[in-house]
Colleague: 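Have a look at this one.
Everything quoted here is computed from the prediction, not taken from an experiment. We count residues from 1, following the sequence as given. Read the numbers this way: they start at 1 and go in the same order the structure lists the ligands and their atoms. Side chains are part of it too, since the values below use all heavy atoms of this structure and drop only hydrogens, waters and symmetry mates.
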Amino acid sequence: MRIPSEVNNILEKLKQADFEAFIVGGCVRDILRKAKPKDWDITTNAKPEEIQKIFPDNFYDNNLGTVTVKTESKEESLKLVQVTPYRIEEAYTDKRHPDKVRFTEKLEEDLSRRDFTINAMAMDIKGSVKDSFGGQADLKTKIIRAVGDPNKRFEEDALRLMRAVRFAAELDFEIDKETFSAIKKNSQALRAVSKERVRDELVKMIMAEKPAKGISLMKDSGLLKFIIPELEEGVGVGQNKHHIYSVFDHNVYSLGFAAQFGYLLETRLAALLHDVGKPRTKRGEGPDSTFYGHDVVGAKMTAQILERLKFSREIITKVVTLVRYHLFYYNVGEVTESSVRRLVRKVGIKNIKDLINLRIAERKGSGVPKAKPYKLRHFEFMIEKALHEPTSVKDLKITGHDIMEKLNLKPGPKVGILLDALMNEVLEDPKKNKKEYLLKRIQELAKLPDSELAELAKEAELKIGETEERWEEEVKKKHYVE
Ligand code: ATP
Ligand code: MG
């Protein structure tokens with residue numbers, strides 16, 4: 001990994017104008033550990049106006065002095081490079097934002113305001129490293145250590161509490177003992193951080209290489225109490241004969257496997273939260289204890305948790321759906337096609353694959369995984385089949401026109417009711433969706449008394465009502481608007 005030419009050019013131009021210039025922070029850390037940086041930051045003793053003069057194609061839109069320079073690069077991580085004057089931050093009375101930033105002439109002062117030693121290194125154009133706080137040593141021994149007095153640093157900015165844990169989860173590093181004690185001591189300061197920033201850090205952690213490690217560290221450091229206290233209800237709560245781990249450990253291990261298998265954010269969140277309702281529904285003790293309704297209670301709790309953390313509607317709805325239906329039952333030959341179709345309608349076509357993934361992660365995370373690949377493959381095949389089957393009146397092989405013609409009817413509500421009554425049968429048995437059969441059947445149905453027909457139509461509506469949109473509407477009604 002070398003400094004890319006786009007970044008080199010910027011360093012070069014600053015030097016030609018007689019300024020010092022270094023790459024700094026996360027990109028130096030990543031180069032040194034031979035990983036690809038997510039973005040590139042440059043630090044310099046030039047002031048914002050001087051930087052702007054050298055790079056006319058820039059934008060300068062904040063009060064921290066950062067000038068964002070546009071490059072010609074096609075690569076996402078290189079299109080914009082942030083150039084920031086050496087600066088230090090003065091007093092954080094709100095524990096969130098520095099009251100004032102002050103530019104300085106000394107690189108070392110700039111490095112000293114950074115959060116962790118591995119993030120507090122700079123590198124010049126030739127690759128020589130400025131490392132005033134032992135960042136290279138900590139990188140080698142895989143340690144997250146605060147720069148300077150950890151208590152002070154967390155007091156200044158409480159988001160750093162979460163950043164420490166997030167980096168431990170991303171890099172699979174350990175947190176230095178003194179730094180960890182300071183996290184414990186200052187954990188309640190997380191209350192002062194906006195929910196959106198906490199959520200963003202949580203998402204980075206969940207998407208990291210080792211999110212299970214992150215959640216465990218959050219619990220042990222006392223941070224979890226201020227983020228998802230509901231998870232802690234499962235600490236030490238034993239389960240029945242299908243599990244060897246406590247509810248908390250099982251949730252965390254399931255998340256670990258969901259990450260190992262590269263699943264989506266939503267599936268990972270569902271893995272972490274799928275059994276969150278268990279402690280509140282536990283009855284009895286030991287191998288025969290039960291958790292009836294933990295799926296429903298858990299879905300409700302999941303909605304509350306994600307809403308509190310300001311996740312988007314889309315994410316909340318999907319995760320709640322996965323948690324709500326994670327107990328789906330499937331056994332070859334035992335579960336009928338129509339109940340598979342019912343499940344697809346309830347869960348939503350777009351969520352089915354993730355529901356299966358959740359099952360895979362959750363079984364692995366139970367510590368007593370039964371080998372089920374055949375069963376799940378068969379289930380997927382049944383789903384495939386169900387997807388090609390009719391789910392609304394529009395999919396029927398006859399139309400209202402056909403009915404009016406066949407029965408000599410005028411347009412009116414009766415036509416709709418007859419279509420619904422046919423739909424009711426087709427939903428139970430998709431093989432009946434053939435024009436010839438339907439035209440014959442409609443003549444028989446037309447002879448039924450209106451009340452009976454209305455009953456059949458209503459049944460169909462109820463079944464169709466379980467399609468994904470309606471279900472999503474219901475979830476929303478239940479969880480957000482009360
Ligand atoms: P990532 O790989 O997530 O981009 P990063 O270390 O580059 O990690 P950024 O948020 O991009 O993190 O910040 C860039 C640098 O700015 C950090 O490496 C660190 O030196 C400094 N920094 C960022 N946030 C803070 C903070 N809250 N307190 C102190 N220094 C910070
Ligand atoms: Mg970065």
Colleague: What part of F116, side chain from CB on, backbone N/CA/C/O, both or neither, has a heavy atom under 4.0 Å from ligand 1?
Modeller: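 Answer for F116: neither.
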Colleague: Should E170 be counted as touching ligand 1, given the test is an N or O pair under 3.5 Å?
Modeller: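 For ligand 1, there is no N or O atom that lies under 3.5 Å from one belonging to E170.
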Colleague: So for atom CD, which belongs to Q260, do other residues, nucleotides or ligands contribute more than 12 heavy atoms lying within a distance under 6.0 Å?
Modeller: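 Yes, the 6.0 Å shell around CD holds more than 12 heavy atoms from other groups.
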Colleague: Assess whether atom OH of Y292 is packed by more than 12 heavy atoms of other residues, nucleotides or ligands within 6.0 Å.
Modeller: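 Open.
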Colleague: Are the side chains of R280 and V276 in contact, using a 4.5 Å heavy-atom criterion?
Modeller: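 No; the side chains remain at least 4.5 Å from each other.
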Colleague: Based purely on interatomic distance, does R166 place a nitrogen or oxygen under 3.5 Å from a nitrogen or oxygen of ligand 1?
Modeller: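 Min N/O separation from ligand 1 is below 3.5 Å for R166.
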Colleague: Report the protein N/O/S neighbours of the Mg ion (ligand 2) that fall below 2.8 Å; do not count waters.
Modeller: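 Counting only protein N, O or S atoms under 2.8 Å from the Mg ion (ligand 2), the list reads D39 OD1.
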Colleague: Taking only distance into account, with no hydrogens and no angle test, what donor-acceptor pairs under 3.5 Å do side-chain atoms of residues 166-173 form with protein atoms, sequence neighbours excluded?
Modeller:
residue : atom : partner : partner atom : Å
R166    : NE   : E201    : OE1          : 2.8
R166    : NH1  : E170    : OE1          : 3.1
R166    : NH1  : E170    : OE2          : 3.4
R166    : NH2  : E201    : OE2          : 3.3
D172    : OD1  : K213    : NZ           : 2.6

Colleague: D30 versus ligand 1: do any nitrogen or oxygen atoms come within less than 3.5 Å of each other?
Modeller: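 No - when backbone and side-chain N and O of D30 are compared with those of ligand 1, no distance drops under 3.5 Å.
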Colleague: Suppose we call two aromatic rings close when their centres sit under 6.0 Å apart. Are F381 and H378 close by that rule?
Modeller: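 Ring-ring flag for F381/H378: true, centres closer than 6.0 Å.
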Colleague: Give the atoms of ligand 1, by number and element, whose distance to some non-hydrogen atom of D41 is under 4.0 Å.
Modeller: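 Counting from 1, the qualifying ligand atoms are 14 (C).
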Colleague: Salt-bridged, D115 to R160, with N to O below 4.0 Å?
Modeller: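 No, this pair does not count.
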Colleague: Show me, pair by pair, the donor-acceptor contacts under 3.5 angstrom made by side chains of residues 183-190, not counting sequence neighbours?
Modeller:
residue : atom : partner : partner atom : Å
N186    : ND2  : N151    : OD1          : 2.9
N186    : ND2  : A182    : O            : 2.7
S187    : OG   : K184    : O            : 3.2

Colleague: For R113, state whether at least one heavy atom is located under 4.0 Å from any atom of ligand 1.
Modeller: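 Yes, R113 has heavy atoms under 4.0 Å from ligand 1.
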Colleague: For atom 13 (O) of ligand 1, which candidate among R163, R160, R114 holds the nearest heavy atom?
Modeller: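 Ranked by closest heavy atom to atom 13 (O) of ligand 1, first place is R163.
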Colleague: Using a strict 4.0 Å cut-off to heavy atoms of R29, name the atoms of ligand 1 that fall inside it.
Modeller: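 This gives 1 (P), 2 (O), 5 (P), 6 (O), 8 (O) as the contact atoms.
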Colleague: Counting only heavy atoms closer than 4.0 Å, does ligand 1 sit against the backbone of D115, its side chain, both, or neither?
Modeller: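 For D115, the contact with ligand 1 is made by both the backbone and the side chain.
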Colleague: Which option out of M162, K36, K38 puts a heavy atom nearest to atom 2 (O) of ligand 1?
Modeller: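 It is K38 whose heavy atom sits nearest to atom 2 (O) of ligand 1.
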Colleague: Distance only, no hydrogens: is a donor on one side chain within 3.5 Å (strictly under) of an acceptor on the other, for T117 and D138?
Modeller: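 Looking only at side-chain atoms, D138 and T117 do form a donor-acceptor pair, the distance falling under 3.5 Å.
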Colleague: For a quick check under 3.5 Å, do E109 and T104 share a side-chain donor-acceptor pair by atom type?
Modeller: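 Short answer, yes.
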Colleague: Should you measure from each heavy atom of G26, which atoms of ligand 1 turn up under 4.0 Å away?
Modeller: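 Selected atoms, number and element: 5 (P), 6 (O), 7 (O), 18 (O).
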Colleague: Sequence neighbours left out, cut at 3.5 Å: what donor-acceptor pairs do the side chains of residues 12-24 make with other protein atoms?
Modeller:
residue : atom : partner : partner atom : Å
E20     : OE1  : Y86     : OH           : 2.6

Colleague: So, H326 versus D295: side-chain donor-acceptor pair below 3.5 Å or not?
Modeller: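 Result is no, nothing qualifies.
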Colleague: Using a 4.0 Å heavy-atom cut-off, which part of V24 comes near ligand 1: side chain, backbone, both, or neither?
Modeller: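 Answer for V24: neither.
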Colleague: Check this for me, if you would: do K47 and E105 make a salt bridge, where the nitrogen-to-carboxylate-oxygen distance has to be below 4.0 angstrom?
Modeller: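 Salt bridge present between K47 and E105.
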Colleague: I need the contact type for L159 against ligand 1. Using non-hydrogen atoms and a strict under-4.0 Å cut-off, is it side chain, backbone, both or neither?
Modeller: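 Neither; no heavy atom under 4.0 Å.
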Colleague: Do ligand 1 and K204 have nitrogen or oxygen atoms that lie under 3.5 Å from each other?
Modeller: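 N/O-N/O distance under 3.5 Å: no.
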Colleague: Please determine if G25 has a nitrogen or oxygen closer than 3.5 Å to a nitrogen or oxygen of ligand 1.
Modeller: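 By distance alone, the answer is no.
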Colleague: Between R377 and E380, is there a side-chain N and carboxylate O pair less than 4.0 Å apart?
Modeller: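 Looking at R377 and E380, the cut-off is not met.
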